[in-house]
Amino acid sequence: MTWLITGGAGYIGAHVVRAMTEAGERAVVYDDLSSGIAERVPEGVPLVTGSTLDAELLSRTLREHAVTGVVHLAAKKQVGESVEQPLRYYHENVEGLRVLLSAVTEAGVASFVLSSSAAVYGMPDVDLVTEETPCLPMSPYGETKLAGEWLVRATGLAHGLSTASLRYFNVAGAASPELADTGVYNLVPMVFEKLTDGEAPRVFGADYPTPDGTCVRDYIHVVDLAEAHVATARKLATAPRGTDLTLNIGRGEGVSVLEMATLINEVTGYDRPPTVTQRRPGDPARVVASADRIATELGWSAKRDVREMVTSAWAGWLRSHPEAGRG
Ligand code: WQD
């Protein structure tokens, strides 16, 4: 098969491209390079620069490269920004997906994998979040991901595509320094930034109903996540048309912000205890996946632990912030 990977020049997308090509799949990257980096696309993989809102370019790309499956990662992904710019998020994430699906059905593509998010669950009041846990997103970002899942499923059923929505939990780490996340929007890079600036990392609230009072999340290594895409792609390639999978991608293990901050200090060689600040609005106390369904359906489970995530992310950070190595 030939897989079109939208957002394939982004942090997660580039890892998916690498995992897919290493597994022997043909890949074509489609990316508008708004946050993606062309250098992340490996040699030999074609890069088409364009928007998922460009119906004509999409149709041409699908045809010219004889694409048979799509992994769609291209999207806006900042929760806070989505609260301020809901129209932009619905336009890019939902309308962009609709335009893409329209081209996909016309081109006779067989399989479609959507990058979704644990943000579809909102504030789940359960110990482990299963795919049956009610979806009550708390932000326009989460809403666009949930609407996207519905659109993908309905299109698959109507047009005989096999589809999957992968709900990522908290992604961290890198396969190699040059593929590391360059954004500073999540806990790990935000702690790195504070340490590098000679400041104490911040813990947003220590009065949550959790064992140490700080928020608990399920961190997943980006290489494990990428391998889950390969397993999903392979499954869809042989699944009957009309198959639809909704799968959590996590490790099923909760790690608190305080545990993460302590581990980061240890790995980086800094010694700066974090400062507790105000809660960040909208943060759920605990979001941890049940990773049972993907293990049963695909035989996939995560192999890499939190220390490997932090160590590999730090190697990437040092590449872009050489001054940080004095810790
Ligand atoms: C993790 C925890 C913070 C920085 C978001 C999206 C989700 C997904 C991943 C998707 C929280 C705390 C953070 C800091 C802190 N995005 N924190 N100090 O909010 O779980 O998930 O990103 O595509 O949909 O909601 O991730 O990394 O921002 O925060 O205490 O300096 O770390 O409050 O409890 P989050 P995060």
Side-chain angles (χ1 to χ4, degrees), residues 7 10-13 15-16 35 72-83 89 92-93 114-124 129 135-146 148-149 165-173 181 183-197 199-222 225 248-251 253-265 270 272-289 306 309-310 313 317:
Y11 160 56
I12 297 176
H15 283 88
V16 172
S35 58
H72 178 50
L73 298 109
K76 303 295 297 169
K77 65 166 188 180
Q78 289 176 47
V79 174
E81 188 181 66
S82 80
V83 175
Y89 271 68
E92 297 212 11
N93 293 5
L114 175 72
S115 157
S116 185
S117 168
V120 299
Y121 297 114
M123 297 252 197
V129 179
C135 289
L136 295 163
M138 296 276 298
S139 67
Y141 167 71
E143 291 164 15
T144 65
K145 286 292 165 183
L146 186 55
E149 291 190 6
S165 292
L166 303 181
R167 294 175 175 167
Y168 311 164
F169 282 64
N170 289 63
V171 186
D181 193 1
V184 187
Y185 305 115
N186 295 108
L187 175 63
V188 174
M190 284 169 77
V191 172
F192 288 168
E193 183 165 70
K194 287 288 173 196
L195 293 175
T196 303
D197 291 349
E199 293 169 27
R202 290 169 304 165
V203 171
F204 299 148
D207 57 350
Y208 285 94
T210 58
D212 66 18
T214 68
C215 289
V216 172
R217 295 290 182 271
D218 189 344
Y219 296 89
I220 173 89
H221 197 299
V222 68
L225 175 76
N248 285 344
I249 309 193
R251 295 163 67 244
E253 191 186 299
V255 177
S256 76
V257 173
L258 204 54
E259 288 169 332
M260 206 59 164
T262 306
L263 177 63
I264 294 172
N265 264 302
Y270 280 84
R272 279 210 176 254
T275 316
V276 176
T277 66
Q278 292 282 88
R279 285 185 179 198
R280 189 174 68 176
D283 271 339
R286 176 186 164 91
V287 187
V288 180
V306 188
M309 296 178 215
V310 172
W317 184 268

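Just so it is clear, the model here is predicted, and its values are computed rather than measured. Ligands are counted one by one from 1 in listed order, and the atoms in each one are counted from 1 as well. These values consider heavy atoms only, across backbone and side chains, with no hydrogens, waters or symmetry-generated copies.
Between L166 and S116 there is no side-chain heavy-atom pair separated by less than 4.5 Å. You'll find the side chain of R251 reaches within 4.5 Å of the side chain of V306, heavy atoms only. No side-chain heavy atom of C215 sits under 4.5 Å from any side-chain heavy atom of T210.
Taking every heavy atom of C215 and a limit of under 4.0 angstrom, the matching atoms of ligand 1 come to 34 (O). Close approach of ligand 1 to M190 is summarised as follows: ligand atoms under 4.0 Å from at least one heavy atom of the residue are 4 (C), 31 (O). Every atom of ligand 1 is numbered from 1 in the order shown, and the set under 4.0 Å from a heavy atom of Y141 is 10 (C), 23 (O), 24 (O). Near V203, meaning under 4.0 Å from one of its heavy atoms, ligand 1 places the atoms 30 (O).
The part of Y185 lying near ligand 1 is the backbone, judged by heavy-atom distances below 4.0 Å. Counting heavy atoms under 4.0 Å from ligand 1, residue N170 touches it through the side chain alone. By the criterion of a heavy-atom distance under 4.0 Å, the side chain of Y219, and not its backbone, is placed next to ligand 1. Residue-level proximity to ligand 1 for L187 is carried by backbone and side chain together, each with a heavy atom below 4.0 angstrom.
R280 NH2, 3.1 Å is the protein heavy atom nearest to atom 28 (O) of ligand 1. For atom 30 (O) of ligand 1, the closest non-hydrogen atom of the protein is F204 N, 2.8 Å. With respect to atom 6 (C) of ligand 1, the closest heavy atom belonging to the protein is V79 CG2, 3.7 Å. In terms of protein heavy-atom proximity, atom 33 (O) of ligand 1 is closest to D283 OD2, 2.5 Å. When hydrogens are left out, the protein atom nearest atom 18 (N) of ligand 1 is R202 O, 2.7 Å; that is the closest non-hydrogen contact. Closest to atom 20 (O) of ligand 1 among all protein heavy atoms lies R217 NE, 2.6 Å.
Between F169 and Y121, the ring-plane angle classifies as tilted under the 30° and 60° cut-offs.
Note: R167 CZ to S115 OG = 12.5 Å, rounded to the nearest 0.5 Å. Between atom CD of residue Q278 and atom CZ of residue R202 there is a gap of 12.0 Å, rounded to the nearest 0.5 Å.
The nearest non-hydrogen atom to atom 36 (P) of ligand 1, considering only N186, V287, V171, comes from N186. Atom 32 (O) of ligand 1 has its nearest heavy-atom neighbour, among V257, L258, T277, in V257.
The shortest separation from a heavy atom of S117 to ligand 1 is under 4.0 Å, placing the residue in contact.
In plain terms, the two heavy atoms of P273 and N265 that are nearest each other are N-ND2, 4.4 Å. In plain terms, the two heavy atoms of K77 and Y11 that are nearest each other are NZ-CD2, 4.4 Å.
Here the side chain of N186 pairs no donor or acceptor atom with the backbone of V188 at under 3.5 angstrom. Remark: side-chain polar atoms of T214 are paired, donor with acceptor, to backbone N or O of L258 under 3.5 angstrom.
Y208 carries R279 over the face of its six-membered ring, with the cationic atom under 6.0 Å from the centre and within 45° of the normal.
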